[in-house]
K.L.:
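Please read through the structure below; I'll follow up with questions.
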Number of protein chains: 4
Amino acid sequence: MDKDTQEEFETCGECANRLQYWVEQHKKYTVKGRCAEYIPALRYADPDTLGVCIIGYDGEVIKGGEADIVFTMQSISKVISFMTVCMARGISYALERVDVEPTGDPYNSIMRLELKKPARPFNPMINAGAITVASLLPGSTKEGKFAALLDTLEMLLGRRPIVDENVFVSEKETAHYNFALAHFLRAGGNLECEVEDAIDIYLRQCAIEVTVEDLAKIGLVLACDGFHPLTYKRLLPVELARLTKAVMLTCGMYNASGKFAAFVGAPSKSGVSGGIMTAVPPRRHKATPFHNGCGIGVYSPAIDEAGNSAAGVKLLQHISEEWELSVF
Amino acid sequence: MDKDTQEEFETCGECANRLQYWVEQHKKYTVKGRCAEYIPALRYADPDTLGVCIIGYDGEVIKGGEADIVFTMQSISKVISFMTVCMARGISYALERVDVEPTGDPYNSIMRLELKKPARPFNPMINAGAITVASLLPGSTKEGKFAALLDTLEMLLGRRPIVDENVFVSEKETAHYNFALAHFLRAGGNLECEVEDAIDIYLRQCAIEVTVEDLAKIGLVLACDGFHPLTYKRLLPVELARLTKAVMLTCGMYNASGKFAAFVGAPSKSGVSGGIMTAVPPRRHKATPFHNGCGIGVYSPAIDEAGNSAAGVKLLQHISEEWELSVF
Amino acid sequence: MDKDTQEEFETCGECANRLQYWVEQHKKYTVKGRCAEYIPALRYADPDTLGVCIIGYDGEVIKGGEADIVFTMQSISKVISFMTVCMARGISYALERVDVEPTGDPYNSIMRLELKKPARPFNPMINAGAITVASLLPGSTKEGKFAALLDTLEMLLGRRPIVDENVFVSEKETAHYNFALAHFLRAGGNLECEVEDAIDIYLRQCAIEVTVEDLAKIGLVLACDGFHPLTYKRLLPVELARLTKAVMLTCGMYNASGKFAAFVGAPSKSGVSGGIMTAVPPRRHKATPFHNGCGIGVYSPAIDEAGNSAAGVKLLQHISEEWELSVF
Amino acid sequence: MDKDTQEEFETCGECANRLQYWVEQHKKYTVKGRCAEYIPALRYADPDTLGVCIIGYDGEVIKGGEADIVFTMQSISKVISFMTVCMARGISYALERVDVEPTGDPYNSIMRLELKKPARPFNPMINAGAITVASLLPGSTKEGKFAALLDTLEMLLGRRPIVDENVFVSEKETAHYNFALAHFLRAGGNLECEVEDAIDIYLRQCAIEVTVEDLAKIGLVLACDGFHPLTYKRLLPVELARLTKAVMLTCGMYNASGKFAAFVGAPSKSGVSGGIMTAVPPRRHKATPFHNGCGIGVYSPAIDEAGNSAAGVKLLQHISEEWELSVF
C-alpha cells in the first residue's frame, strides 16, 4: 500500500459522510423524473429512492442512501452482452456486425436501419444494436447464449445473478418496438438466431437483478482496464475494457450521452429502471479521493426524458465536480 | 522540475527518434485517403505528406515528418469559435442554441434540422452547429465577430494567424450546402446575423493558416484544462476546457468519432485539409512519455471517407497504443 | 342496346385482333423486368408470359396472349380488403385509421411511421396501411376477418376464390419486413387484432388466386361506380367506388404511381406477382372502343424496380394511348 | 351547337343561381382556415371572402360570391412554369430533371433531397421541384426566363398579367426555406442558373396577379386537352395537357392531394393566397351541367393546415358532388 492509498483509506470515513450528505441533497431531483410506465415492476417503483455505492481501487466501499435495493439491469446489461460477444467471437467480428458510432436518435429508433444500407446498427447501446449483439452470443440455443452472458456476469460479480421472471414476462408482452426492430434486422440478415430467441435473450438480460454495489464492482473492473484490483485477476482484456468504456462514454446515456460526457465525463451506462453504472479510470489529480479509479453504481427510478435516472445524473455530476471524476 | 519530468526530458530525444520512425512507418497509409476535391488549395496538396508535432507539459517539443507545412484549419476552427462564444456569451447561452450531442450523420447533413422542432443544431462540430456558432460570436459586424475569433487564437498561439484569402474565396464559390444550412437555420430563427455574414465568418475561419505546432500548442492548453503550463497563465476556464474536450471526443472526428474514441481515445478535432488537433489530458501511467499531458498536431492531406486524415488517424492510433494516450 | 354500343360490338372482333397484336409487340418488354425473388412461386414463374383481358360495359370480353394463367393477387388484394372494411365499418371509420395520401416511399417503408406522430399509415396501398386494414376487417377471429374479404371477392367475381397455401406458407417464412411493420403498428395502437393474426390475414389475401379475367371483372365494377352492368346489381356504393379509384390512381402503382397516372391515366393496382387491375371509367370520346368504361386485367410476372409488371405497364400505356383510356 | 349544349345554355342561368347559393352556404367554412401569415399582402387579406368562376366548353361563364378580387397566383404558377419548360425543352428533358411522383411531405420539405441520390425533386408542385423548373425556363437571363413564363400566361389568358412588386419583395425577404432548397439543389447540380436568379424567378411568378376568371380560363384549356374551345386554337399539346392534369391530381393540393382526389376528383392546383385552379375534363354524365368539361377558379384566402383554401375546398367538393365533376 503506497502513501497515497494510505491517505485515502484514512479519509474514507469522511468520504462516506460526504457522499451520504450529497445523496440527501440530491434526493430533490427525483421529482424531475418519472418512473418508466410500460411494465408494472418499473411503474410501481418508489420514485423518491436514491442510492449509491462507490468501490475504490483498494477495495474501499462507501455507500449512500437506499443502497440495498434490488432492481433490474435493463439497458445496463447491454454492456455485458457486448463484452461477452467480443470475448467469445473477437472484437473485429463484433464490430463488423455492430458499429460503435453514437447516433443522436432515441434508443428504440428504427429509421436509420432503413436509411443506411446495409443496415448495420450504429452501436451496441441502442436497442437495434443490443438485439443484434444478443443474437451473436456464443451458443447454439437461446439458453446457451443467455448462459454465456450470465457467465460473464458471474465472473465479474463473484455470484450468478438471477432473473426477475415477472419483469421478463411483462416486458415481453409490451415489446412491440423491439420485435419490430428484430424483424427488421432479421430481414436484413443481421441476426444470428431467430427473432423470437433474440428478443427472449435480450429481454431476459434486461430482467437480471442487481444492486448498486454490483454495478460499482463491474464499473471498477472496467475502470482498471479489466484487471480486478482486489483479486489480482485479469477478467477482461485491456483492449476490450477500453473499447467498452469508449462506447459507454459516447453512447451509454441514451441521446443525452454528449451532455453527460461534457458535465460528468466518466464512462457510464444507464437503464430505464433507474440504474447507472459508472467506470472512473485513474486520474492524475492526487489530492482527490478515488484518484486511482473506482466503480460507481447509482439507483433512482424516476427517469428523465432521455431515459436516464434524473437524480442519479445530478448526483453523479456533483460527485464528479467535487472529486474530479472526469476523464477530461 | 520533479523527478518524473526530469526523466522525461532525458528520454525526449529518444521519443523524437521513435516518433520519426513511426511517421515513416505510417506514411504508407496516405494511399488509403484522397485529398479533398472541392477547392484547388486542398485538391493540389501533396497527398504523401505526413507531419506531426507533440508538445508536452514541460515544454518539450518533438516533431516528425514534414512538420513545417502551413495548411488551413478548416473544421478544426470550429473548436476555436465554440470556445470564443462560450467565453463571450456564457456556456449556458451557447448550449441553449447548440446542443452537444453526437449525431451519426455526415457533417453537412440538413435533415435533422427539419425532423426536430425547434431546429437546434445537435453539436458545434457539424456544419449546422458551426454556422450557428459563427453567428453568435461577439461583435455587431462580421469583421468584429471574426476578430473575436482571431483574438482567441492569438491568445492561444501567441501570434495572430492569417487567412489564406484564395482558400476563402474558393470555398465561398462552392459553399452551396453551407448556404443551404445557413438559410434553413435563418428560417428557424437560429442565426444572430445575416446568412451571408455567418457564411463569411465560417468560411474565413476555415481558411486560417496553421502548422502542426500551432495545433499542438492549442491541444496542450486544452489538455491542461485551459492553463498554459509554460507561461503559467490560465487561458481558458477549466469548465470550458473540459466541455470542449468532451465535445471533441464525442463529435470531433466526423461520423467516425465513436471509432476514434474507441481506438485512439484522446479528444481530437479534424479538418478536411488533413489536420488533426489532439488534447491528451494527464494520465496515471507514470512509465509513459507525456503522462502529464500533451498537445498533438498532425497533418496529412489525404482524407478517408469520413473526412479524417487517413495516415493521421493511423499514426495517432499507434502513438496512443505505444504511449497510452487514451483517456479510458 | 343503343347505337354506340352496337357499333362497338361490331368492331369488337377487330379490337380483339388489335389487342392480340399489341400483346405480341409488347412481349419484348418482359426483359426489362425480373420475377420477384423472395418466394419460389414467384421466382419460378415464366418471365416471358404476357396476358390481358378487357371486359366492356356491355359484356364484351376480349383477350390477348396467355390469358388463362392463374396467379396470386399479392398487393392487388389491398383494394379488396380496403373496400371490405369501408363497407363494414364505414368510410370515415376506415379513414381515421388509414389516410389516403400518396407517399413517394417504397411500399414496405417503415420510417414515416416513426417520423409522424401519431403513426397513422399514409394509405391502404402501402404495406403498413394494408396490414392495418387487414386488422380492421369485420369479424372477431382471423378466420372470420378473412372470410369477410372472401365474401367481397365472391360478390364481385361470382365465385369464391381459393388460396394458394404454398404461396401463403412461403411468404410467411420471409415476411420479416411485414412483421416489423405490424409490430410497429401494434406498438402505436393501430391494429385491431394481434400481430400474428394481422400478418396471417394479410399474407393469405396476397395468396388468393385469380386470372386476368377476374381482375377485369372487378375493374369493370369499379369503372361503373360499383354497379355491375351485366347483372344490373349495385355491388359497391358509388362513393366507395370513386374513393377506391382515386386511391388506386394516386397510390396504386407503388412509387411509380405518379408516372403511371401521367402516361396511362387509369386507376390501377399492381402486385409483385405481375398482375395489374385497371378500372377505366366512361369517357367522352365516342369514337374509341370501350368509351362506356371497361375493366382490364394484365399479367406478366417480370416486374420492374418499382414492383410493377414491366411489360404490363408498357402494354397498358399503349392501349391507353390508342383507345384514349386516360381519365384526364 | 348540338342539342346537349343548347340544353345546357338554357339551364345556365339556373346553374348560376345555384352556384351563388352554394357560395353563400359555404362561406361559413372560411373560419376553418387562416390567412397565410408570412407576408403582409397575404396576412391582411379579408378571410371571409369566397369567390368562384366556372367557364364551360361553350363559353358559358358563371360566377358566385366575390369573384372580381385580384390575388397572387403563388403555387398555382408552378403549373404554368412546368408547362412552359415542357414546351420549350421537351417533356423528357423536363422529367429527367424533375420527377412526377407525389411525396406526402410538406411542400417546402428538404430532407428527401438529402435521402435520395441523385437529388432529383419528386415533382414540380413542391418547392424543390418548382425552383428547379424555374431554372430550366428558356432564356439566358432571369428576365428572359420570366418573360417566357409570362408568354405562356399571355397565350392562355389573352392578356399579359402583371406582378405585384410589393408581394415579390416581401416574399423575398422571408424566403429562407426556399433559398435553402435552392442552394441544396445547386450543390447537387440541379439548377441551370444561379441560386439568386432561380429564387427571383420563382418568387416573381408567385406574385403574378390573377382573378378567379383567369384561373377558370386556364383550367378550361387544360380540361380540353390544350385546345381552346372558344378560339378554336390549340394552345398546348394534348400530351402535355394530360401530363399536367395528372400531376395536378396526384400532387397539386399539397399533402392533401390524395384526399382531394378522393372527394373532389378533379385535377387542381392551389396556392397559399387561397386560390384554386381546377380543370374538369369532359365526362360521360350527360344530365349534369358542364359535362363537356369546364375550368374553375376559386378564391378564399383563409387556408387550412395543408395550405389549401378551407372554404374553397369545401365548395369544390360540393360542386363536384352535385354536378359530378370527378374524373373517377
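Values below: every heavy atom of this structure, side chains too, minus hydrogens, waters and symmetry copies. Numbers restart at 1 for each chain; the letters A, B, ... are given by sequence-line order, proteins then strands. These numbers were taken from a predicted model, which means no experiment stands behind them.
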K.L.:
When heavy-atom pairs shorter than 4.5 Å are enumerated against chain D, which of B:Arg186, B:His176, B:Met111, B:Arg112 gives the highest number?
P.N.:
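Winner by heavy-atom pair count: B:His176.
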
K.L.:
Using modelled atom types only, decide if a donor and an acceptor are shared between the side chain of D:Glu114 and the backbone of B:Ser109 within a distance under 3.5 Å.
P.N.:
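Here the side-chain-to-backbone pair does not exist.
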
K.L.:
Mark yes when over 12 heavy atoms from residues, nucleotides or ligands other than D:Arg34 sit less than 6.0 Å from its CZ; otherwise mark no.
P.N.:
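Open: at most 12 neighbouring heavy atoms sit under 6.0 Å from CZ of D:Arg34.
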
K.L.:
If the plane angle is over 60° it's perpendicular, under 30° parallel, otherwise tilted; pick one for B:Phe179 and D:His183.
P.N.:
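Ring orientation of B:Phe179 relative to D:His183: parallel.
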
K.L.:
Taking atom CD of D:Glu305 as the centre, report whether more than 12 heavy atoms of other residues, nucleotides or ligands fall under 6.0 Å from it.
P.N.:
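Check fails, neighbour count at 12 or below.
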
K.L.:
Non-hydrogen atoms of chain D under 4.5 Å away: do they reach the side chain of B:Leu115, the backbone, both or neither?
P.N.:
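Only the side chain of B:Leu115 comes within 4.5 Å of chain D.
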
K.L.:
To the nearest 0.5 Å, what is the distance between CG (D:Asn108) and CZ (B:Phe184)?
P.N.:
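The distance works out to 7.5 Å.
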
